[in-house]
Structures are given as structure tokens and as C-alpha cells.
Amino acid sequence: MNPALTLATARRILLQLRHDPRTVAMLIVVPSLLMVLLRFVFNSEAVFSRVAPALLGVFPFLIMFLITSITTLRERTTATLERLMTLPIGRMDLLFGYALAFGSIAIVQVGVAAGVSLAWLGLDIAGSIAMLLLIAVLDALLGMALGLFVSAFARTEFQAVQFMPLFVLPQILLCGLFVPRGEMGWLLNWLSNVMPLSYAVEALTRVTTSGTVDATLIRNLIIVGVCALAALVLGAATLRRRTP
């Protein structure tokens, strides 16, 4: 992998997003607006502090998956990726360039949402704020990586959106956000154990209730990071020229 080519790809993506203010607004502002809405729906700082940390990971995961899959698909269908692949640039350079660009946005996205929640909405956590931000950013990167991966299997933007019920919604339903994973039936519990979002939500919950960085928290972080990296590698494997 060539770092210069990776940085050039990331710069190109960021310049394109700069000319699309609606997408930038959705990426940066929408998670914060959802957190504000959630705070006033519960109308209780105690309940909000119990639920909000997990959603600080779920909302960026969902939005990054949606935006990344559609953006990457647009470049595939307009033959932009094919033209780039005629140049001396590797698949991993392209994919990690995308990851770097969207990852930078994810950091800003999570930072703004967490800042609003902590400074204005009364979010109270027992653990480290830095650890909370790290987990939430990893979660956003996971959504981004999955979005890059599934874009290879869609032919239209509508088809890309249709992957949400398959790749995103089951993870949200089974991650322990609504019902503790231990109280689920054995099949649902097994499915939950193989879905990376479950480990992100568990890590965020631990940060909320405890200031201790234990082995379980480290394991959860590693699992989420490895899954994001694996999705990027699989996404690189799907990059191929479709025209002779």
C-alpha cells in the first residue's frame, strides 16, 4: 500500500464532499439532532444517561453505513473507480483512502454528538470520556467499512438502501439495546454474539457504568476494530473492472 496514493484518494473524497453541503450536514448534524430528540423524548437525565451512550455508537454506525454505501456505489456506477484502477493505484490504496476520508468525518461526527450530549443534554458517564469517544468512532468506522463492502453488491442507490434491513437493522435489534442479550433465546443470543455492533454497545455500556478498563472492554474494542478491518479487506477484494 502506498501512503501517498491513499492520502490522495482521501483528499479527493473530502473535496467532493465539500461541494455537497447536504451530505456533510447529514453526516455531522443529524446524530446530534437525534440525541437532542432522544433527550426530550425521555425527559429525564437519568434515563437519557443510561440509553444515550449506546446510541452514540448506533446512530453514527447507521448514518455512516448509509452515506458510505451510496457514495461508493455512485463512484462504481459512474465508472470513476474503473478509471482510477487504470492508474498505478492498488485496491487497498483506494479503499483505505475512502476509509481515511470517511473516518475523519466520523471523528468530527462523534465528537460533535458527544460534546452536545455531555455539555448540554446532561449525559453522565462513570468512565473516561476519551474511551467513550474511541468506541463511538470505532463504531462509526465499522458502519463505514460495511457500507464500502455492500456497495459492491448493489446496482442502484435504491438497492444499496435495501441492504440496511439485512446488515444494519438486525444488529441494532440484537445488540442488547432493547433487551439484554442474556435474556434472549439461544438462537437470537447466538446471532447477537456474531454481530460486531453487539460488542460496541457492550463496550459503551461498560464505559457508562464503570471507570475500569478491564479485559472484556479491551476484547470488545479489538473485535470491533478487527471486524471493520476485515470489511475493508473484503471491500478491496470486490474492486474489479467491469468493462474490458
Side-chain angles (χ1 to χ4, degrees), residues 26-27 30-69 106 109-110 113-114 116-118 121-127 129 131-147 150 161-210 214 216-217 219-228 231:
M26 182 175 181
L27 286 168
V30 168
S32 297
L33 291 178
L34 291 174
M35 297 304 291
V36 172
L37 177 62
L38 184 71
R39 169 65 179 82
F40 288 103
V41 165
F42 288 119
N43 199 29
S44 167
E45 288 189 4
V47 176
F48 178 75
S49 294
R50 186 170 67 250
V51 177
L55 293 178
L56 274 176
V58 170
F59 287 156
F61 172 83
L62 174 62
I63 293 171
M64 291 302 293
F65 176 90
L66 179 62
I67 296 296
T68 307
S69 59
Q109 178 190 74
V110 170
V116 169
S117 300
L118 291 165
L121 302 179
L123 175 62
D124 184 28
I125 62 172
I129 295 176
M131 183 61 69
L132 175 74
L133 292 174
L134 173 62
I135 301 168
V137 167
L138 279 177
D139 213 10
L141 292 176
L142 175 64
M144 173 213 68
L146 289 175
V150 304
V161 173
Q162 288 178 319
F163 278 108
M164 287 184 59
L166 179 63
F167 282 89
V168 176
L169 295 185
Q171 295 198 61
I172 294 176
L173 293 174
L174 298 177
C175 68
L177 182 63
F178 301 104
V179 177
R181 294 164 57 199
E183 296 180 9
M184 298 177 183
W186 70 269
L187 179 58
L188 295 181
N189 187 262
W190 179 85
L191 290 172
S192 176
N193 288 336
V194 299
M195 293 180 175
L197 186 60
S198 301
Y199 298 95
V201 169
E202 182 180 347
L204 288 166
T205 302
R206 283 180 173 271
V207 171
T208 305
T209 57
S210 173
D214 55 14
T216 301
L217 179 60
R219 181 207 65 181
N220 292 339
L221 291 176
I222 292 174
I223 290 174
V224 175
V226 168
C227 288

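Everything quoted here is computed from the prediction, not taken from an experiment.
When side chains are defined from C-beta on, I172 counts as touching F178, because their heavy atoms get closer than 4.5 Å. The side-chain heavy atoms of N189 and N193, taken from C-beta on, include a pair separated by under 4.5 Å. Between I135 and L217, the closest side-chain pair of non-hydrogen atoms falls below 4.5 Å. Proximity of L177 to L55: side-chain heavy atoms (C-beta onward) are separated by under 4.5 Å at one or more points. Contact of the C227 side chain with the I223 side chain is registered, since non-hydrogen atoms from C-beta on lie closer than 4.5 Å. Considering only heavy atoms from C-beta on, M184 stays 4.5 Å or farther from L191 through its side chain. Side-chain contact check for C175 versus M195: every heavy-atom pair is 4.5 Å or farther apart. The shortest distance between side-chain heavy atoms of M35 and L56 falls below 4.5 Å.
Remark: the backbone N or O of L121 is paired with a side-chain donor or acceptor of R39 at under 3.5 angstrom. The main-chain N or O of V150 is never found under 3.5 Å from a side-chain atom of S69 such that the two would form a donor-acceptor pair.
Of all heavy-atom pairs between P31 and I63, the closest is CG-CD1, 3.6 Å. Of all non-hydrogen atoms in R181 and S192, the two that sit nearest each other are NE-OG, 2.8 Å. Closest approach of A145 and A228 over heavy atoms only: CB-O, 3.3 Å. Nearest approach of M64 to A140, heavy atoms of both residues: CB-O, 3.6 Å. Scanning all heavy atoms of the two residues, the minimum distance from L38 to A52 falls at CD2-CA, 4.3 Å. Between L132 and P53, the shortest heavy-atom contact is CD1-CB, 4.2 Å.
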Do V58 and F61 pass the side chain to side chain contact (heavy atoms under 4.5 Å, CB included) test, and can you show the C-alpha distance, the side-chain angles, and the key distance before you say yes or no? CA-CA 5 Å; V58 170; F61 172 83; 5.5 Å; no
Stepwise side chain to side chain contact (heavy atoms under 4.5 Å, CB included) test for V137 and L141: CA-CA 6 Å; V137 167; L141 292 176; 4.1 Å; yes
Mind running side chain to side chain contact (heavy atoms under 4.5 Å, CB included) on V168 and L197 for me, showing each step along the way? CA-CA 9 Å; V168 176; L197 186 60; over 6 Å; no
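Applying the 6.0 Å contact sphere to CG of L169 captures more than 12 heavy atoms from other residues, nucleotides or ligands.
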